[in-house]
Peer 1: 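Attaching a single structure in structure tokens format; questions to follow.
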Amino acid sequence: MASKLLLTFVIYHLISTVGLTMESPRPRPRLSNDAEDLQTASLDFGRMSRVKPLAVLHPTSAEDVISLVKAAYGSARGFTVSARGHGHSINGQAQTADGVVIEMSGVGSKSRRLKPIVSEDDGYVDVWGGELWIDVLRTTLQYQMSPKSWTDYLYLSVGGTLSNGGISGQAFNHGPQINNVFELDVVTGKGELFTCSKQKNSDLFHGVLGGLGQFGIITRARIALEPAPHRVRWIRVLYSNFSTFTKDQEYLISLHGEAPSDKFDYVEGFVIVDEGLVNNWRSSFFSPKNPIKLTSFNSSGGGGVLYCLEITKNYDASTASNVVDQQVDALLKKLHFIPSTVFTTDIPYTDFLDRVHKAELKLRAKDLWDVPHPWLNLFVPKSRIADFDKGVFKGILGNKTSGPILIYPMNKNKWDYNNSAVTPDEDIFYLVALLRSALDTGEETQTLEYLSNQNRRILRFCDEAGIKVKQYLPEYNTQEEWKGHFGDKWELFLKRKMEFDPKRILATGQRIFRPSLVSSTRSSW
Ligand SMILES: Cc1cc2nc3c(=O)[nH]c(=O)nc-3n(C[C@H](O)[C@H](O)[C@H](O)COP(=O)(O)OP(=O)(O)OC[C@H]3O[C@@H](n4cnc5c(N)ncnc54)[C@H](O)[C@@H]3O)c2cc1C
Ligand SMILES: *[C@@H]1O[C@H](CO)[C@@H](O)[C@H](O)[C@H]1NC(C)=O
Ligand SMILES: *[C@@H]1O[C@H](CO)[C@@H](O)[C@H](O)[C@H]1NC(C)=O
Ligand SMILES: *[C@@H]1O[C@H](CO)[C@@H](O)[C@H](O)[C@H]1NC(C)=O
Ligand SMILES: *[C@@H]1O[C@H](CO)[C@@H](O)[C@H](O)[C@H]1NC(C)=O
């Protein structure tokens with residue numbers, strides 16, 4: 001009842017005082033309380049948190065975002081505002097109960113928003129903050145250009161990944177996506193729009209990058225481009241010895257300063273503790289041409305666990321294929337994988353970048369996509385990755401994983417320390433991503449409860465073993481925990497919050513700060 005009243009208030013306020021629907025000939029944004037819109041905004045990829053907002057805004061421009069945040073900031077009662085990219089968070093980070101969700105990527109008003117603008121000479125593209133990376137790619141390819149740094153999956157929004165980091169196998173070389181941005185337009189928690197960069201309003205710029213949506217809503221991003229390669233030589237090799245595997249990965253990322261011909265363009269890897277995985281998502285690589293039986297490799301002392309190194313070499317149509325062969329062979333010669341486990345494929349660049357979408361379609365066809373995803377993403381310092389292997393891959397996980405486990409190292413010097421993103425205090429750290437799906441198969445090890453408990457066990461293990469991991473896409477419930485997460489960046493984070501979102505109304509789904517709302521009957525967290 002009380003929330004209905006507040007909703008009425010919100011909508012009335014917006015329409016009467018800030019002219020959200022008035023200013024023609026601007027296309028009309030839509031403030032909605034349709035059941036379907038509310039339902040969509042209450043869900044995310046994690047399928048573990050469900051929180052309905054009071055209303056949903058489908059913006060057509062940055063002005064709409066400004067109007068809404070101004071109304072939220074200026075109204076006596078106050079309400080929260082959460083930008084929602086593609087809703088691919090795990091723990092309700094884009095949800096809010098006490099206010100309005102802005103559907104930044106919704107298709108509703110897509111045709112009327114900022115169109116991507118490519119500057120070939122200066123090597124960048126300007127895009128709407130809610131643009132999906134797949135659409136950024138499609139646009140830039142028309143100019144034979146491409147962003148440099150990626151995520152594995154492209155149906156994520158620019159604003160969403162820039163609020164976290166944006167990492168994939170290119171990060172060792174180019175840094176995360178937040179290091180490949182020249183400029184942003186940001187609407188702060190006071191409803192003011194600033195253009196910011198390293199040179200201009202740099203505090204806001206650095207705060208927003210990796211800032212978990214706490215300082216403003218990204219409405220435009222200027223993203224660094226390079227000439228787009230045409231094809232990709234995509235290679236997977238196997239290891240049974242973890243230390244050999246990590247040494248090779250670390251060697252490959254140490255080549256970041258070399259000429260393009262003398263390094264790979266992408267370095268990732270994954271852990272295979274479970275034969276089922278090979279027949280699960282992302283497995284198309286191995287079959288049917290390259291069938292794999294785990295038992296056909298004797299992992300002496302490997303504890304039955306195998307490690308797959310995944311690397312690519314980009315090239316142009318003008319490059320002779322024997323030149324590519326030579327470059328790849330020269331690099332492979334330096335590695336120490338199990339002989340006879342080289343699996344190679346060669347595909348167009350876009351197919352490589354969009355590879356996970358294929359897996360998505362397969363899982364969707366089997367009704368295995370819209371299930372709970374108790375994911376755990378950790379940055380593990382290099383000095384302790386072997387202990388992590390023993391304790392987690394060969395220990396806690398048993399031989400069931402319920403999804404792929406990615407593992408690859410990154411160079412810390414490719415991360416700008418001034419950005420808000422948090423990484424371990426070592427020159428090299430690994431991403432370990434446990435990308436599991438909970439299923440109702442009757443098998444205990446597949447259940448949401450079992451997997452969530454296992455995540456807690458892994459975090460406790462790291463804590464007790466003194467492995468100083470940092471969560472990527474972090475989830476915490478108390479400010480004490482957040483302080484621990486940010487460490488020596490906390491003071492600055494707090495200072496920026498007070499400056500840019502003093503009423504703490506933005507992205508409350510992260511549960512870092514409580515909003516200051518007058519007599520709210522519901523709580524955001
Ligand atoms: C299948 C899958 C694969 C993935 N692969 C990778 C990967 O390879 N690498 C990687 O780094 N990540 C990966 N992710 C994680 C992804 O980066 C995060 O989910 C991220 O939040 C982007 O998702 P989104 O755009 O849907 O954002 P949402 O989940 O909608 O939002 C995330 C947070 O950002 C805030 N936010 C959203 N838009 C804006 C904006 N315009 N301005 C300010 N704040 C905003 C929201 O309020 C929320 O707090 C993957 C996720 C999935 C589901
Ligand atoms: C694995 O070990 C078994 C016996 O322990 C042996 O017969 C087999 O040849 C080995 N396989 C490989 C691929 O080394
Ligand atoms: C793995 O390889 C290292 C050398 O890189 C060696 O010292 C170690 O004994 C091997 N481990 C196992 C379990 O075989
Ligand atoms: C997995 O582990 C269980 C118990 O730890 C064991 O019974 C089972 O045989 C193992 N399965 C495989 C495929 O190794
Ligand atoms: C980080 O910020 C400090 C102080 O504002 C500045 O001196 C330094 O150059 C910045 N570092 C980078 C890498 O931009």
Side-chain angles (χ1 to χ4, degrees), residues 1-24 26-72 75 77-89 92-114 128-132 135 155-157 159-160 187 191 213 217 219 364 369-370 505-509 515 517 520-525:
M1 195 57 215
S3 63
K4 260 236 150 68
L5 261 172
L6 180 52
L7 170 62
T8 313
F9 169 81
V10 168
I11 294 175
Y12 170 80
H13 188 84
L14 290 175
I15 292 174
S16 65
T17 66
V18 294
L20 253 185
T21 59
M22 309 299 280
E23 227 175 281
S24 88
R26 249 202 313 123
R28 290 177 157 224
R30 198 161 59 83
L31 191 67
S32 159
N33 65 345
D34 294 352
E36 203 185 315
D37 278 336
L38 298 183
Q39 170 77 2
T40 302
S42 74
L43 289 175
D44 63 20
F45 182 79
R47 284 290 190 285
M48 294 181 293
S49 161
R50 257 163 233 260
V51 174
K52 262 197 189 143
L54 301 175
V56 169
L57 178 73
H58 299 279
T60 61
S61 66
E63 279 72 37
D64 300 339
V65 176
I66 294 171
S67 299
L68 182 81
V69 181
K70 272 214 168 104
S75 75
R77 181 163 190 166
F79 57 90
T80 56
V81 177
S82 280
R84 182 174 188 270
H86 211 209
H88 277 57
S89 287
Q93 283 91 338
Q95 298 168 0
T96 188
D98 302 304
V100 179
V101 164
I102 306 183
E103 285 285 5
M104 296 296 288
S105 306
V107 288
S109 44
K110 184 171 177 178
S111 58
R112 290 164 299 188
R113 290 193 305 248
L114 171 70
W128 168 249
E131 202 75 48
L132 299 186
D135 295 322
Y155 290 74
L156 304 169
S157 76
V187 177
I217 295 173
T219 54
R364 279 188 187 281
W369 185 258
D370 291 327
I505 55 178
L506 298 179
T508 48
L517 305 178
S520 167
T521 51
R522 308 164 80 185
S523 166
S524 266
W525 54 293

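Predicted, not measured: the structure shown is a model, and the values here were computed from it.
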Peer 1: Go through it in stages, so that I can follow the logic: the residues are V101 and Q95, the test is side-chain contact (heavy atoms from CB on, under 4.5 Å), and I'd like the CA-CA distance, side-chain angles, deciding distance and then a yes or no.
Peer 2: CA-CA 7 Å; V101 164; Q95 298 168 0; 5.8 Å; no
Peer 1: Just do the side-chain contact (heavy atoms from CB on, under 4.5 Å) check on V100 and L31 with the steps written out, would you?
Peer 2: CA-CA 9 Å; V100 179; L31 191 67; 4.2 Å; yes
Peer 1: Sub-3.5 Å donor-acceptor pair from the side chain of T80 to the main-chain atoms of G99, do we have one?
Peer 2: yes
Peer 1: Quick one: does M104's side chain get under 4.5 Å of H86's, heavy atoms only?
Peer 2: no
Peer 1: Measuring from atom CD1 of I505 to atom CZ of F79, what distance do you get when rounded to the nearest 0.5 angstrom?
Peer 2: 7.5 Å
Peer 1: Nearest heavy-atom pair of N33 and L54: which atoms, and what distance?
Peer 2: CB-O, 4.2 Å
Peer 1: Locate the shortest heavy-atom distance separating S32 from D37; write the atom from each residue and the value.
Peer 2: OG-OD2, 2.6 Å
Peer 1: Please report the shortest heavy-atom distance between S75 and G78, naming the atom on each side.
Peer 2: OG-N, 2.9 Å
Peer 1: For G191 versus V69, what's the shortest heavy-atom pair and its separation?
Peer 2: N-CG1, 3.5 Å
Peer 1: Taking the side chain as every heavy atom from C-beta outward, state whether T508 and D98 have any pair of such atoms under 4.5 Å apart.
Peer 2: no
Peer 1: For G85 and E103, work out which heavy atoms get closest and say how close.
Peer 2: O-OE1, 4.3 Å
Peer 1: Verify, without hydrogens or angle tests, whether R47 (side chain) and D44 (backbone) share a donor-acceptor contact under 3.5 angstrom.
Peer 2: yes
Peer 1: Does any part of the side chain of P53, heavy atoms only, come nearer than 4.5 Å to the side chain of L38, both counted from C-beta?
Peer 2: yes
Peer 1: Please determine which of I102, V81, I66 meets the side-chain contact (heavy atoms from CB on, under 4.5 Å) test together with V187.
Peer 2: I66
Peer 1: For a quick test of reading the model, state the closest non-hydrogen atom pair linking R84 to T40 and the distance between them.
Peer 2: NH2-O, 3.2 Å
Peer 1: Once side chain to side chain contact (heavy atoms under 4.5 Å, CB included) is applied, do any residues pair with A507, and if so which ones, sequence neighbours excluded?
Peer 2: Q214, Q510
Peer 1: State, with a plain yes or no, whether a side-chain heavy atom of W128 is found less than 4.5 Å away from one of P59.
Peer 2: yes
Peer 1: Supply the atom-to-atom distance S82 OG to I217 CD1, rounded to the nearest 0.5 angstrom.
Peer 2: 8.0 Å
Peer 1: Dump the intermediate steps for side-chain contact (heavy atoms from CB on, under 4.5 Å) on R364 and D370, then the final yes or no.
Peer 2: CA-CA 8 Å; R364 279 188 187 281; D370 291 327; 3.9 Å; yes
Peer 1: Tell me whether T219 contacts the main-chain N or O of G129 through its side chain, where contact means a donor paired with an acceptor under 3.5 Å.
Peer 2: no
Peer 1: Would you call the rings of H88 and W369 parallel, tilted or perpendicular, taking 30° and 60° as the class edges?
Peer 2: tilted
Peer 1: Return the set of residues passing side chain to side chain donor-acceptor pair (under 3.5 Å) with S42 (not counting sequence neighbours), or none when no residue passes.
Peer 2: none
